[in-house]
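In the text below, chain A, chain B and the rest are named by the order of the sequence lines, each starting its count at 1. Quick caveat: nothing in here was measured; it's all calculated off a predicted structure. Excluded from the calculations below are hydrogen atoms, water molecules and symmetry mates; all remaining heavy atoms, backbone and side chain alike, are included.
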Amino acid sequence: MTTKKTKQSTFSEAYAELEDITAWFEGEDVDIDEGLKRFEKGVALAHFCKQRLTEVEARVREIRAMYESESINDKTESI
Amino acid sequence: MQVQEIEQVGEGTLQKAYLALKAKLEAEGVFDVSRKRSIPRFPKRIGLITSREAAAYGDFLRILQARWGGVEVLHLHVHVQGQEAVSDIAEAFKTFANLPSNEKPEVLVLTRGGGSLEDLHAFNDEAVVRAVFASPIPVICAVGHERDESLSDFAADIRASTPSHAAEIVVPRREDVLFEIDTMVRHQESRLSDKLRQRGEVVRRALQSMQLVLTRQGHKVGILLERITNAIESQIGTLKQTCGHWDALLRQLDPTRVVARGYAIVRQGGRIIKDPNSLDKGDSIHIQCAEGNLTAEVLQTDTAEGIQQQLV
C-alpha cells in the first residue's frame with residue numbers, strides 16, 4: 001500500500017489507488033485488520049475523488065504556434 | 001465533336017490523389033494499428049488543434065465541459081481549410097511536441113467539422129498526415145461528420161467521428177466515474193463485512209463445539225456421580241445390616257432382659273457385686289429385680305457353693 005498522502009495525489013492517482021484497494025479486496029486472503037485499514041483508505045480516496053468531480057470548470061488557454069510567438073500566450077479563459 | 005484527351009478535374013482528381021497517397025502511406029505503415037497508443041483515462045491537460053471560428057471548437061468544449069471538469073485545454077488556433085491550413089496544422093504539432101514537459105498535454109485533439117473533400121483537403125495532405133503520425137503525444141483525430149474519413153484519421157491513435165465524439169473519448173462522464181467510485185467502495189465494504197461474518201461464524205461454531213464438549217463432559221460426570229452414589233448407598237445398606245446384627249447382639253446382652261427372666265443384680269454404692277467377700281456382715285446392699293429394687297443388709301457371706309443370703 002502506498003504511503004502517499006491523499007492531498008498530494010492527482011485524481012488519476014487517487015482513482016488508481018482506489019482500484020488497487022478494490023483489487024486487493026477481490027483476493028482470497030483478506031485479513032480483517034489489514035482490510036479495515038485499506039477500507040478506511042479506500043473511503044478517504046473515494047471522498048477525495050468525488051470532491052475533485054465537483055470541479056466543473058475547464059480552463060482554456062490559447063497558445064500560439066512557435067513561429068508566431070516564443071511561448072504560450074497567457075490568455076486564459078474559463079468555459 | 002471529337003474527344004482527343006480527357007483530363008480529370010475537381011473532385012475526381014482529388015479522389016485519385018487521395019487514394020494514391022493512402023496506398024503509399026499504408027505501405028509505409030503510417031496507419032498500422034500496432035503502433036496506436038492509448039490515452040490516459042483522466043487527462044489533466046488536453047491540446048486542442050482547431051480553428052477558433054469552427055463549430056467544432058464550441059462543440060468540443062461544450063461536450064468536454066458537460067462530461068468532465070478541472071481539465072486544462074491548451075488551444076492552438078489553426079486554419080482548418082484554405083492555403084494556410086496545412087502549414088498551420090503541421091506547425092501546431094511541432095509546437096505541442098516542443099512544449100516543456102510540465103506544459104505538455106497528455107493528448108492532442110485535431111478536429112474540424114464536416115465539409116466537402118476540398119474543404120477537408122488539409123487533413124488528407126501528406127504533411128499533416130505525417131505530422132499526426134510523428135506526434136510524440138497521442139492524437140485523437142475528429143474530422144468531418146460520421147461518414148467522412150481522412151488520412152489524418154487513419155494516422156491518428158484514435159479516430160473520432162465528430163468533434164463531440166472526440167470530447168466523449170478524451171474525458172469520461174462524471175456520472176459514470178461517480179458510479180464506479182461508489183461501486184468500488186460498496187464492493188470493498190461488502191467484501192469486508194463478508195469476511196467479518198465468516199469470522200463470526202467460525203467463532204460461533206467454536207463456541208458451539210465447546211458447549212458440546214462441556215455437555216458431554218457433564219454427562220460423564222453425571223454418570224460418575226451416579227455410580228459413586230450407588231456404591232455409597234449399597235455400602236450404607238451393608239452397614240445398616242451389620243448395625244442390625246450388633247443391635248440384636250447388644251439387645252441379647254442387655255442386663256435388664258436377664259433381670260426380667262428372674263435374675264437380680266446386687267450393687268453396693270452403684271458397684272455391681274460379684275464377690276460376696278467384698279462385703280462385710282451388716283453392709284447395706286441394693287438389689288435390682290425385674291419389677292423393682294430392694295435395699296438389704298448382709299447377714300452372712302459365703303464364697304463357696306451354697307451361698308446364703310438372708311433378706312431383712
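- Proximity to chain A at a heavy-atom threshold of 4.5 Å picks out B:K195, B:L196, B:R199 from residues 194-205 of chain B, in numerical order.
- A:L53 contributes atom CG, which lies 7.5 Å from atom CZ of B:R174 (distance to the nearest 0.5 angstrom).
- Listed by first and then second residue, the ring-ring contact (aromatic ring centres under 6.0 Å, His included) pairs that reach into residues 83-124 of chain B come to none, sequence neighbours excluded.
- The list of side-chain hydrogen bond (donor to acceptor under 3.5 Å, both in side chains) pairs with a residue in residues 28-38 of chain B, not counting sequence neighbours, reads B:E28-B:R130, B:R37-B:D157.
- Shortest non-hydrogen contact noted between B:D182 and A:K50 is OD1-NZ, 2.6 Å.
- Rounded to the nearest 0.5 angstrom, A:I63 CD1 and B:H77 NE2 are separated by 13.0 Å.
- Remark: the backbone N or O of B:E72 is not paired with any side-chain donor or acceptor of A:R59 at under 3.5 angstrom.
- Of all heavy-atom pairs between A:I32 and B:L192, the closest is O-CD1, 4.2 Å.
- For the residue pair B:V185 and A:F39, the shortest heavy atom distance occurs at O-CE1, 3.7 Å.
- Looking at heavy atoms from C-beta onward, A:R38 lies out of side-chain contact with B:Q188 at the 4.5 angstrom threshold.
- In this structure, OH in A:Y15 is found 3.0 Å from CD in B:E180, a value given to the nearest 0.5 Å.
- Summarising the geometry, atom NE2 belonging to A:H47 is positioned 11.5 Å from atom CD1 belonging to B:I181; distances are rounded to the nearest 0.5 Å.
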Would you sort out whether B:L76 and A:R64 count as a side-chain contact (heavy atoms from CB on, under 4.5 Å), showing the intermediate values? CA-CA 6 Å; B:L76 207 153; A:R64 288 177 187 279; over 6 Å; no
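- The backbone N or O of B:L74 sits nowhere less than 3.5 Å from a side-chain atom of A:R61 that would complete a donor-acceptor pair.
- Contacts with chain A were tallied for B:V78, B:V71, B:T183; B:V71 has the most, counting heavy-atom pairs under 4.5 Å.
- Environment of CD in B:E175: crowded, with over 12 heavy atoms of neighbouring residues, nucleotides or ligands closer than 6.0 Å.
- When the side-chain hydrogen bond (donor to acceptor under 3.5 Å, both in side chains) test is applied to A:E26, the partners found at least two apart in sequence or on another chain are B:H187.
- A distance of 9.0 Å separates CH2 in B:W68 from CZ in A:R52, rounded to the nearest 0.5 Å.
- With a 6.0 Å radius and a threshold of 12 heavy atoms from other residues, nucleotides or ligands, B:E53 has its CD atom above the threshold.
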